Amino acid sequence: TDVVTVAAGDKVCVSATGTGTPTAAGAVYWTCKFIPDTAGETVLLGNSGTDTWTIALNFETLVGGKFDDNIVFDAQTLFPTAGTLKKFYCELGTAPGAGTSRTFTIEKNGIDSGITITISDTNTTGNDITNTLAVAAGDKIAIQQTAVTGTPAASVGKFGIVFLPDTQGEWFTAATTDDTLSTTATEYQHLTCGDSTLTATENEQYNLAQATTAKAIYVALSVDPGTSPDAYSFTLRQNGTTNTALTVTITADATTGNYATDGAISADDLLSTAIAPLNVPTGTPASQIAYLFYNAPTGEETLTYRTR
């Protein structure tokens, strides 16, 4: 029932404080709702974690924590619906330094857009609240970071951008990883992350849900599964026991797939994605997964995350 008011450019985090000597928790899941001042807007939040940028060119995801990566696929966020990106914000942990700068540009499907921020000299923050970018379902979006002047100081970074879906009430989760898929075992993935290690232990990958309707699943692979009958299936799961109807199989010679059907999600459900190899695929791709959700418009958006 408690409410925290935020303004553009604010930074938020979740802290945990123990009382006494609590038993160590193997995993912690949390969820909250964001109520924008402008109806229909949702926010995408990302950061570089503890990793510092030292190379001149790298990429970051729009969602979750991501160490810098020079392979664009490994840093793209897959979109499961159409809308508009706008109001891009960035903050560095360390200023670039006198006479140096860093530039951050939103890329769509590997092509630079007009949304860009340059942070120079002793400054640590910047934003682009003028330019916008239209996206369609299946588009892949990344943040490109370049050192355009001199040799900037190594720094961590934080990002935020507004996504306004064409259909008010829609919101989505996205998970990207450069960890290649297993060819022999079912593994599990979070719903929201910029990078992760896939694991056969499902409860390490849960996200805590609020009541909503799941609408669609989208998947993209870095390479195809191999030759027929090689394939991978991706399924939204509830509470470690139930396979939902949201499932898609990507077969040989394909790298993308999607499926749409409505499924009810209850408050406090624990959600994950099961990734299963079919046959023994010769292709071992990295993956991007996105889910589309819908709540009747009230101005609220759900943010669901987990930590270990």
Side-chain angles (χ1 to χ4, degrees), residues 25-32 61 63-65 77-81 137 170-221 225 230-251 254 256-281 284-295 301-308:
V28 177
Y29 322 108
W30 63 268
T31 181
C32 70
T61 54
V63 175
T77 296
L78 181 64
F79 276 64
T81 192
E170 288 185 347
W171 58 279
F172 76 95
T173 62
T176 300
T177 182
D178 56 12
D179 190 19
T180 55
L181 306 186
S182 172
T183 61
T184 58
T186 296
E187 293 185 313
Y188 299 92
Q189 170 66 304
H190 319 299
L191 267 66
T192 302
C193 64
D195 202 358
S196 70
T197 300
L198 303 177
T199 175
T201 305
E202 186 173 10
N203 65 7
E204 294 179 356
Q205 308 291 59
Y206 286 149
N207 284 93
L208 183 64
Q210 300 200 28
T212 187
T213 299
K215 303 284 290 184
I217 178 175
Y218 276 70
V219 176
L221 303 180
D230 294 350
Y232 289 98
S233 69
F234 299 78
T235 304
L236 178 65
R237 284 175 50 82
Q238 286 175 286
N239 301 314
T241 59
T242 303
N243 289 335
T244 72
L246 274 182
T247 184
V248 63
T249 297
I250 300 183
T251 57
T256 61
N258 62 81
Y259 181 69
T261 189
D262 286 1
I265 304 297
S266 299
D268 297 326
D269 275 354
L270 295 171
L271 305 180
S272 64
T273 300
I275 307 172
L278 307 178
N279 194 37
V280 181
T284 54
S287 61
Q288 303 166 353
I289 308 168
Y291 291 101
L292 179 65
F293 296 93
Y294 178 83
N295 290 80
E301 175 206 3
T302 296
L303 301 178
T304 176
Y305 293 92
R306 47 87 63 200
T307 186
R308 290 177 62 190

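No hydrogens, no waters, no symmetry mates; every other heavy atom, side chains included, goes into these values. Quantities reported herein were computed from a predicted structural model and do not represent experimental measurements.
There is a side-chain donor-acceptor pair under 3.5 Å between Thr31 and Gln210. When only modelled atom types and interatomic distance are considered, Gln205 and Thr199 share no side-chain donor-acceptor pair under 3.5 Å. Judged by distance alone, the side chains of Tyr232 and Ser287 never bring a donor and an acceptor atom under 3.5 Å apart.
No side-chain heavy atom of Asn258 sits under 4.5 Å from any side-chain heavy atom of Val248. You'll find the side chain of Ile250 stays beyond 4.5 Å of the side chain of Thr256, heavy atoms only. The side-chain heavy atoms of Thr173 and Leu271, taken from C-beta on, include no pair separated by under 4.5 Å.
Nearest heavy-atom pair, Ala174 versus Val63, reported as atom, atom and distance to 0.1 Å: O-CG1, 3.9 Å. What you find for Tyr188 and Ala200 is that their closest heavy atoms are CE1-O, 3.6 Å. Contact record, Ser266 with Ala209: O-CB, 4.0 Å, taken as the closest heavy-atom pair. The minimum heavy-atom distance between Ile275 and Ile289, with the atom names listed, is CD1-CD1, 4.1 Å.
Remark: of the listed residues Thr212, Asn207, Asn239, Asn239 is the sole one forming a side chain to side chain donor-acceptor pair (under 3.5 Å) with Asp269.
Thr247 places a side-chain N or O within 3.5 Å of a backbone atom of Phe234 that can act as its donor or acceptor partner. The backbone N or O of Ala185 sits less than 3.5 Å from a side-chain atom of Ser182, completing a donor-acceptor pair. With Thr201 contributing its side chain and Asn203 its backbone, the two residues share no donor-acceptor pair below 3.5 Å. A distance-only check finds no donor-acceptor pair linking the side chain of Thr242 to the backbone of Thr244 [under 3.5 Å]. Listed for the Ser272 side chain is no donor-acceptor partner under 3.5 Å among the backbone atoms of His190. Judged by distance alone, with hydrogens and angles left aside, the side-chain atoms of Thr177 form a donor-acceptor pair with the main-chain N or O of Ser196 at under 3.5 Å.
Under the rule for a side-chain contact (heavy atoms from CB on, under 4.5 Å), the partners of Ala216 that lie at least two apart in sequence or sit in another chain are Tyr218, Ala260, Leu292. Evaluation of the side-chain contact (heavy atoms from CB on, under 4.5 Å) rule for Asn279 yields Pro229, Asp230 as partners, not counting sequence neighbours. Under the side-chain hydrogen bond (donor to acceptor under 3.5 Å, both in side chains) criterion, Asp268 pairs with no residue, sequence neighbours left out. Phe293 pairs by the ring pair (Phe, Tyr, Trp, His ring centres under 6.0 Å) definition with Trp171, not counting sequence neighbours. Residues meeting the side-chain contact (heavy atoms from CB on, under 4.5 Å) test with Thr249, sequence neighbours left out: Ala231, Ser233, Thr251, Leu278.
Put simply, OG1 on Thr261 and CD1 on Ile217 are 12.0 Å apart, with the number rounded to the nearest 0.5 Å. Between the OG1 atom in Thr235 and the OH atom in Tyr259 there is a gap of 11.5 Å [rounded to 0.5 Å]. The line from CD of Gln189 to CG of Leu236 is 12.5 Å long, rounded to the nearest 0.5 Å. Taken from CG in Asp262 to CG in Leu246, the straight-line distance is 8.5 Å, to the nearest 0.5 Å. Remark: Leu208 CG to Leu191 CG distance equals 11.5 Å, nearest 0.5 Å.
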Thr284 vs Thr183, test: side-chain contact (heavy atoms from CB on, under 4.5 Å). Steps then yes/no. CA-CA 7 Å; Thr284 54; Thr183 61; 3.5 Å; yes

Should Thr176 and Leu78 be marked as a side-chain contact (heavy atoms from CB on, under 4.5 Å) after you check the CA-CA gap, both sets of side-chain angles, and the distance that decides it? CA-CA 8 Å; Thr176 300; Leu78 181 64; 6.0 Å; no

Worked verdict on Thr273 versus Arg237 for side-chain contact (heavy atoms from CB on, under 4.5 Å): CA-CA 6 Å; Thr273 300; Arg237 284 175 50 82; over 6 Å; no

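Pairs of residues two or more places apart, or lying in two chains, that qualify as salt bridge (Lys or Arg N to Asp or Glu O under 4.0 Å) and include a residue from residues 176-198 are Lys66-Asp178, Lys66-Asp195.
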